[in-house]
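By convention here, the first residue in the shown sequence is residue 1. Numbering of ligands and ligand atoms starts at 1, following listing order.
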Amino acid sequence: MIHRPAPNPHSINADLHCHSRQSDGVFTPGELAARAHANGVQLWALTDHDDISGVAQAREAAAKIGLTFVAGVEVSVTFAAQTVHVVGLGIDETSSALLNGLSQMRADRDHRAKLIAKKLSAAGFEGTLEGALTHVQNPSLVSRTHFARHLFQAGHVKTMQEAFDRYLGDKGSAYVPTEWASLDDAVDWILQASGVAVIAHPGRYRFSDLEFDALFRQFRDRGGQAIEVHTGSHQLHEYDYYAHVARQYGFLASIGSDFHGPQESRHDLGSIRPLPRDLTPVWHALDVPMVHA
Ligand code: AMP
Ligand code: MN
Ligand code: MN
Ligand code: MN
């Protein structure tokens, strides 16, 4: 009998965070699967914002090319008056608890979009809701990214970043504060859908040390298991810092590009540096062949 050693879990090229045009990415789930595969990704998750309508197509496309797929979602949460993103991995996309929760969030997005357009109109830009909607593929998911694309293409700003800095970001004149899901609800929906909950890009939040500690503890107490350590949304110096946080709180570590599109993302699918070897990768808690073969 030939002995084939199990693959070293750290040598797996995993990308567990990206967006299709079912939320605010530019590619279809099928195009993303092909791109991930071409870039050498071996374990791939689609994590659209507040929506799982792309999961079936992603799974089918991944299966055809022999790419191991994990169903995912990125849930918007409000914690201590800031927006936090919680990724769910390995979710059952037919879970009614998850579907019902996400559907309410998308209704809130529709309402917010109208208010953003009103503020942009006060800033002198008419027709921005209609403009944003021309970039929306999935009518039930409107994002600030769609407004940013419209403002950019209409020549109102020179870059997408400027659209966020001047208008759409939380310091911008068209910012509309929104009450997203509670942390407890988001983790609960993910767990009810048999998923693993992951705090996305913790380096992006502007919390005090005390607030971060409260976030990590509450998340862990509710059954959250992982944080993103190596993500396209972190600066390199944050890789080390959040590796340290994962050790400190006993979190599993996740990795992902947060890819939205070649023009808009600094990091392509599959291009993020592997996780430190002493951390346990989040796929140890997922039902994937790399771990359980
Ligand atoms: P939303 O969930 O609709 O509030 O939109 C948030 C999305 O906007 C994020 O997922 C990013 O894709 C994008 N985004 C947020 N801030 C920025 C920024 N400063 N520059 C570019 N994109 C951003
Ligand atoms: Mn996004
Ligand atoms: Mn995010
Ligand atoms: Mn994301």
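When you scan the N, O or S atoms of His260 for the one nearest the Mn ion (ligand 2), you land on NE2. Looking only at its N/O/S atoms, His17 has NE2 as the one nearest to the Mn ion (ligand 4).
Under the 30°/60° scheme for interplanar angles, the aromatic rings of His230 and Tyr239 are found to lie parallel. Below 30°, between 30° and 60°, or above 60°: for Phe125 and Tyr167 the angle between ring planes is above 60°, a perpendicular geometry.
Protein residues having at least one heavy atom under 4.0 Å from any atom of ligand 1 are Asp24, His49, Arg109, Arg112, Ser143, Arg144, Thr145, Gln161, Phe164, His260, listed by chain and number.
The existence of a salt bridge linking Asp50 and Arg109 is confirmed by a sub-4.0 Å separation between a basic side-chain nitrogen and an acidic carboxylate oxygen. The pair Asp213-Arg217 meets the salt-bridge criterion, with a side-chain N (NZ, NE, NH1 or NH2) lying under 4.0 Å from an Asp/Glu carboxylate O.
Checking His49 against the Mn ion (ligand 4), every N/O/S atom stays at or beyond the 2.8 Å cut-off. With a cut-off of 2.8 Å, the Mn ion (ligand 2) has an N, O or S atom of Asp24 in range. When distances to the Mn ion (ligand 4) are checked against a cut-off of 2.8 Å, His19 contributes an N, O or S atom below that limit.
The Mn ion (ligand 4) forms the vertex of an angle spanning OD1 of Asp258 and OE1 of Glu74; to the nearest 10 degrees it equals 170°.
Listed by first then second residue, pairs satisfying salt bridge (charged side-chain N to carboxylate O under 4.0 Å, His left out) with a partner in residues 162-183 read Glu162-Arg166, Asp170-Arg206, not counting sequence neighbours.
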One pair to check against salt bridge (charged side-chain N to carboxylate O under 4.0 Å, His left out): Asp188 and Arg222. What are the steps and the verdict? CA-CA 8 Å; Asp188 197 46; Arg222 299 299 295 198; 5.0 Å; no
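A distance-only check finds a donor-acceptor pair linking the side chain of Asn39 to the backbone of Leu269 [under 3.5 Å].
Between His201 and His234, the ring centre distance reaches or exceeds 6.0 Å.
Other residues, nucleotides and ligands contribute over 12 non-hydrogen atoms within 6.0 Å of the CZ atom of Arg59.
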